[in-house]
Amino acid sequence: MKLHNFNSGPSVLPQTVMEQASQAILDFNGTGLSILEIGHRTTHFQAVLDEAIASVKQLMDLGDDHDVLFLHGGATTQFMQVPMNLLDDQATAAYHINGIWGKKAATEAALFGKVTIVADSADRQNTYIQKEFSIPEAASYLHITSNNTVEGTQWHQFPETSVPLVADMSSDIFCRPANYNRFAFIYAGAQKNMGAAGVNMVVVRKDVLGKVNRRIPTIMDYQKHIAAGSLMNTPPVFAVYVSMLTLRWIIQEGGLPEMEKRNQAKANLLYQTIDSLPLFTPTVAKEDRSLMNAVFFLNDPALEPVFLDECKKEGMIGVKGYRTVGGIRVSMYNALDQSSVEAICSLMQDFARRKG
Ligand code: PMP
C-alpha cells in the first residue's frame, strides 16, 4: 500500500534525497568510506557544507550582509541562543505570539532581558494572526513565528518594522519566495522542509551581532561560529549532508517559485475540499491559513476517531491534531506529492457522503 506521509515533523522528504543519503551511508562519493565515518575537516565534508551554504544564499537571494550557519540542536536551542546574542539584560525584545512555539520562544527570551508581547492571538484560540500592533521603539528586535505548525496559521505578508526582524521559520522554510534580506535573523530546525533532525539553519545579518554586554559561551556565540565558517566543532555531519541534498533538490525542481506553486495547489485543493463539506469545520481565519499545516475539525467529535481510523487504513500517516489543539492536522510540506492531498480529499468526500 502506498503510504501518505502527513507528519508534522520529522516529515516527508524527497525520495531521491533518501536514496542518495542511503547510498552515502555505504559509500560517500566513491571515497570507500561512509558519510558517517568521514572527518568533518576533510575536503569532502567542506564541499558539502559549502554547497549547503551557497544553496541557502541562492534560494533566498541573500546579499553579503547575511551569513548562513548550520548549528547543532533544534529550533528550541535558538529560542535561547537568539536572546543570548541579541538581547541585553536591561533591553526589551518584542514577541508576536500566535501559538505554542512563539510562546515558548518568548519564555526563553525572558531569561535574558525584558520581553514585551506585542500581540497574542490566544484570545481566539490562535486561529488568526494579529496584524495591528505596535512595537516599542527601543526594542532590540521583533520576533515572529512565520508558520504556526500546531495551530495552522502562517504570515502571508511579513510585518514592516523599524527594529530588526527575527523569524522562526522552522515549519515553512523554503516554501515560497520572499524578500529574505529584510530579516535580521532567520532560524529553522531542518526536520520539515530541509532535511533530517539534529541541525538548525541560521541566517544572520552580521550587523546585529556583538552588541550585548554579557559573556556568551563559545558554542552559543554566533560571531564565533561565523569566524569558524560554521565548523567550530564537529557539526552534525549526516544531518548537514541531508540538508544539502534537499536544498539541491529544491534548486533542481525550480527553486522557491516552483515550491510555492506546488504548495499553493495542494493547499487550495485541501481547503476547497474542507470548505465544500459541511461535515468538516475549518477554524483558522481564511486569510491566515497555512500552506504547510491545515488544521480542521469534524462537526461531530464522535466521528473524529472514526475518520482517523479510516485514514490509518488508507495508509495516511500523521493526521491527528496536536495534543493541545485536537481535531485533524494535515501537513503538506514541499516534498509531499499532490497525489497524497488528492487521496485524503477523496477520502474526506467519501466519508462525508457516508456520514454526512
Ligand atoms: N518552532 C516551530 C515553528 C516548530 O514547528 C517546532 C517543532 N515542531 C519548533 C520550533 C521546535 O523545534 P525543535 O523540536 O527542533 O526544537
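Each ligand, and each atom within it, is numbered from 1 in the order the structure gives.
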### Within-cut-off N or O pair, Ala75 and ligand 1, under 3.5 Å
yes
### Message
Quick test of your reading: applying salt bridge (charged side-chain N to carboxylate O under 4.0 Å, His left out), list the pairs with at least one residue in residues 80-101, sequence neighbours left out, ordered by first then second residue.
### Response
Asp89-Arg214
### Task
Below 4.0 angstrom from a heavy atom of Thr149, which ligand 1 atoms are there? Numbered from 1 as shown, please.
2 (C), 3 (C), 4 (C), 5 (O)
### Message
Quick test: of every protein heavy atom, which one is nearest to atom 6 (C) of ligand 1, and how far off is it to 0.1 Å?
### Response
Trp101 CE2, 3.5 Å
### Message
Test your reading of the structure: does Asp168 have an N or O sitting under 3.5 Å from an N or O of ligand 1?
### Response
yes
### Task
Considering non-hydrogen atoms only, spot the tightest contact between Leu49 and Gly229 and give its length.
CD2-O, 3.6 Å
### Under 3.5 Å side-chain donor-acceptor pair for Thr149 and Asn293
no
### Query
Relative to each other, are the rings of Phe79 and His143 parallel, tilted or perpendicular (30° and 60° limits)?
perpendicular
### Closest protein heavy atom to atom 15 (O) of ligand 1, given as residue, atom name and distance to 0.1 Å
Gln191 NE2, 2.8 Å
### Query
What do we get for Lys104 next to ligand 1 when only non-hydrogen atoms under 4.0 Å count, side chain, backbone, both or neither?
neither
### Task
Could you walk me through whether Phe45 and Tyr241 pass ring pair (Phe, Tyr, Trp, His ring centres under 6.0 Å), step by step?
CA-CA 8 Å; Phe45 183 67; Tyr241 179 64; 8.7 Å; no
### Task
Give the numbers and elements of all ligand 1 atoms closer than 4.0 Å to a heavy atom of Asn147.
3 (C)
### Message
For His96 and Phe133, take the angle between the two ring planes, folded into 0 to 90°, and tell me which bin it lands in: parallel under 30, tilted 30 to 60, perpendicular over 60.
### Response
perpendicular
### ligand 1 N/O within reach of Thr77 N/O, cut-off under 3.5 Å
no
